[in-house]
Asks: 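First the structure, which I've put down as structure tokens, then a few questions once you've had a look.
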Amino acid sequence: MKDEMEPAKTVDDYLDELESCACHPGGVHVHNDNCSSVLDHLFELLDHEISPEEEAKLKAHAADCATCAQQIDAELKVREIVRRGCSQQAPASLHDRIFAAYKC
């Protein structure tokens with residue numbers, strides 16, 4: 001049998017991971033207050049906009065919680081995809097057309 005490579009994930013795949021709650025397998029709520037804290041403060045955590053103590057607490061939880069680690073990983077991958085997409089410079093012709101369109 002031939003080994004099949006798993007297809008690369010798309011931005012939509014990562015966004016779906018962020019929107020889905022992997023902590024509800026089979027409809028049973030299993031995440032705890034620490035999971036809620038990580039998910040509620042995900043952006044602040046990744047942007048280093050929380051206290052060092054709170055950041056350490058949330059990171060320690062994520063190190064032991066596959067669900068939270070997955071959520072953090074998905075957000076980091078979305079950010080990397082956006083960063084790569086935004087780092088490309090627009091062609092000079094597009095720049096010229098935009099300025100020409102707004103010239104009075």
Side-chain angles (χ1 to χ4, degrees):
M1 189 150 98
K2 188 177 14 175
D3 288 334
E4 293 185 31
M5 290 182 54
E6 186 174 318
K9 288 187 178 181
T10 66
V11 173
D12 289 333
D13 294 331
Y14 289 115
L15 291 174
D16 288 343
E17 283 182 25
L18 286 171
E19 290 175 359
S20 69
C21 186
C23 63
H24 290 86
V28 178
H29 186 267
V30 294
H31 83 212
N32 58 39
D33 289 338
N34 289 332
C35 293
S36 294
S37 290
V38 170
L39 300 177
D40 289 346
H41 300 288
L42 179 62
F43 301 120
E44 294 94 339
L45 173 65
L46 297 177
D47 294 334
H48 307 289
E49 295 177 349
I50 56 177
S51 71
E53 296 80 17
E54 185 69 12
E55 183 175 340
K57 178 180 136 187
L58 296 177
K59 284 183 176 180
H61 168 75
D64 293 330
C65 177
T67 298
C68 290
Q70 177 186 356
Q71 295 294 318
I72 291 169
D73 186 52
E75 174 60 23
L76 289 172
K77 286 184 172 136
V78 168
R79 288 177 178 211
E80 179 58 30
I81 290 167
V82 170
R83 189 177 302 117
R84 267 188 278 145
C86 293
S87 67
Q88 298 173 350
Q89 191 166 357
S93 60
L94 175 60
H95 184 267
D96 294 342
R97 286 184 9 221
I98 292 170
F99 276 107
Y102 289 102
K103 249 185 177 176
C104 293

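Computed over heavy atoms, backbone and side chain alike; hydrogens, waters and symmetry mates excluded. All residue numbers in this chain count up from 1 along the given sequence.
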Asks: Atom CG of D47 and atom CZ of R79: how far apart are they, to the nearest 0.5 Å?
Replies: 4.0 Å
Asks: Which residue in the set T67, L58, L42 passes side chain to side chain contact (heavy atoms under 4.5 Å, CB included) when paired with I72?
Replies: L42
Asks: Could you give the distance from CD (E54) to OG (S37), rounded to the nearest 0.5 Å?
Replies: 6.0 Å
Asks: CG/L39 to CD/E75 distance, rounded to the nearest 0.5 angstrom?
Replies: 11.5 Å
Asks: May I ask you to say whether K57 pairs ionically with E53, meaning some side-chain N is under 4.0 Å from a carboxylate O?
Replies: no
Asks: Report the distance from atom CG of D73 to atom SG of C68, rounding to the nearest 0.5 Å.
Replies: 12.5 Å
Asks: Between E49 and F43, is a side chain to side chain contact (heavy atoms under 4.5 Å, CB included) present by the stated rule, with each step listed?
Replies: CA-CA 8 Å; E49 295 177 349; F43 301 120; over 6 Å; no
Asks: Looking at every non-hydrogen atom in both residues, tell me the closest pair between A62 and A69 and how far apart they are.
Replies: O-CB, 3.6 Å
Asks: Side chain to side chain contact (heavy atoms under 4.5 Å, CB included), that's the test. Do R97 and L94 meet it? Break it down for me.
Replies: CA-CA 5 Å; R97 286 184 9 221; L94 175 60; 4.2 Å; yes
Asks: From S36 OG over to H61 NE2, what is the distance, rounded to the nearest 0.5 angstrom?
Replies: 8.5 Å
Asks: I'd like to know if K77 and E80 make a salt bridge, using a cut-off of under 4.0 Å between side-chain N and carboxylate O.
Replies: no
